[in-house]
Amino acid sequence: MSTQRTTIVLAASAALVLSGAVTAFAHAHLVRATPAAGGTVNAAPNEVTLRFSEKLEPKFSSVVVRDAAGKQVDNGESTVDKADRMLIRVLLQQPVAPGVYKVEWKVMSADTHKIDGNFTFKVGE
């Protein structure tokens, strides 16, 4: 009986340790973007919004949008939504011409994991 209890305790402990390890390695990831990553929009958007899987730290999170020549076309003031800290947005300078745009993001999740990435979208056909 003692061996059976020991086995159960060890199995439960292992399960707790493994579940903690999975949580410790979790990072925020991009869930959705508007305009969509790799997508095409007919009309130029006013802003780019990114939704992540975890809350973001506003002071350490940013989004930059560049045209095909590498020129920054956003207003330089990306903001994490105060009511929904999983959402970050940046306004675009108007008018945005047809073409391909690259969105570059750097964020820190509330658990202090830093991640970054990029994608493109196209305005016009």
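Reckoned from all heavy atoms, side chains included, excluding hydrogens, waters and symmetry mates.
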Notebook entry, point to check: Who passes salt bridge (charged side-chain N to carboxylate O under 4.0 Å, His left out) against Asp67, sequence neighbours left out?
Noted result: none
Next item on the list: Not counting sequence neighbours, which residues clear salt bridge (charged side-chain N to carboxylate O under 4.0 Å, His left out) with Arg51? List them please.
Entry: Asp84
Notebook entry, point to check: According to the ring-ring contact (aromatic ring centres under 6.0 Å, His included) rule, which pairs have a member within residues 41-70, sequence neighbours left out?
Noted result: Phe52-Trp105
Notebook entry, point to check: Would you say Val96 and Val65 are hydrophobically clustered, going by side-chain heavy atoms of ILVMFWY under 4.5 Å?
Noted result: yes
Notebook entry, point to check: Does some side-chain heavy atom of Pro58 sit less than 4.5 Å from a side-chain heavy atom of Thr79?
Noted result: no
Notebook entry, point to check: Do any pairs count as a ring-ring contact (aromatic ring centres under 6.0 Å, His included) and have a residue in residues 64-97, sequence neighbours left out, and if so which ones?
Noted result: none
Item checked: Pairs touching residues 79-104 that satisfy ring-ring contact (aromatic ring centres under 6.0 Å, His included), sequence neighbours left out -> Tyr101-Phe121
Checklist line | Sequence neighbours excluded - side chain to side chain donor-acceptor pair (under 3.5 Å) pairs with any residue from residues 30-45 | finding: none
Checklist line | Where at least one partner belongs to residues 55-64, residue pairs that pass side chain to side chain donor-acceptor pair (under 3.5 Å), sequence neighbours excluded | finding: Glu57-Arg85
Note to self: The criterion is ring-ring contact (aromatic ring centres under 6.0 Å, His included); which residues satisfy it with Phe119, sequence neighbours excluded?
What the structure shows: none
Next item on the list: Considering non-hydrogen atoms only, spot the tightest contact between Lys106 and Asp116 and give its length.
Entry: CG-CB, 3.8 Å
Check: Do Val123 and Val63 belong together in a cluster built from hydrophobic side chains that touch within less than 4.5 Å?
Finding: yes
Notebook entry, point to check: Would Val103 end up clustered with Ile88 when hydrophobic side chains under 4.5 Å apart are linked, directly or stepwise?
Noted result: yes
Item checked: Pairing residues for Thr49 by the side chain to side chain donor-acceptor pair (under 3.5 Å) criterion, not counting sequence neighbours -> none
Next item on the list: Name all residues meeting the side chain to side chain donor-acceptor pair (under 3.5 Å) criterion together with Glu104; count only those two or more places apart in sequence or in a different chain, and write none if there are none.
Entry: Arg66
Next item on the list: Just jot down the side chain to side chain donor-acceptor pair (under 3.5 Å) partners of Asn75, sequence neighbours excluded, or say none.
Entry: none
Note to self: Check for me, please, whether Leu91 and Leu87 land in the same ILVMFWY cluster - side-chain distances under 4.5 Å, paths through other members count.
What the structure shows: no
Next item on the list: Taking all non-hydrogen atoms of both residues into account, name the closest pair between Pro45 and Val41 and its distance.
Entry: CD-CG2, 4.1 Å
Margin query: I need the single residue from Ile115, Val107, Asp111 that forms a side chain to side chain contact (heavy atoms under 4.5 Å, CB included) with His27. Which is it?
Written below: Ile115
Next item on the list: Please name the pair of heavy atoms, one in Gln94 and one in Leu92, separated by the smallest distance, quoted to 0.1 Å.
Entry: NE2-O, 3.3 Å
Next item on the list: Of all the heavy-atom pairs spanning Asp74 and Val64, show the shortest one and how long it is.
Entry: OD2-CA, 3.3 Å
Checklist line | Sequence-distant partners of Arg89, salt bridge (charged side-chain N to carboxylate O under 4.0 Å, His left out), two or more places apart | finding: Glu47, Asp81
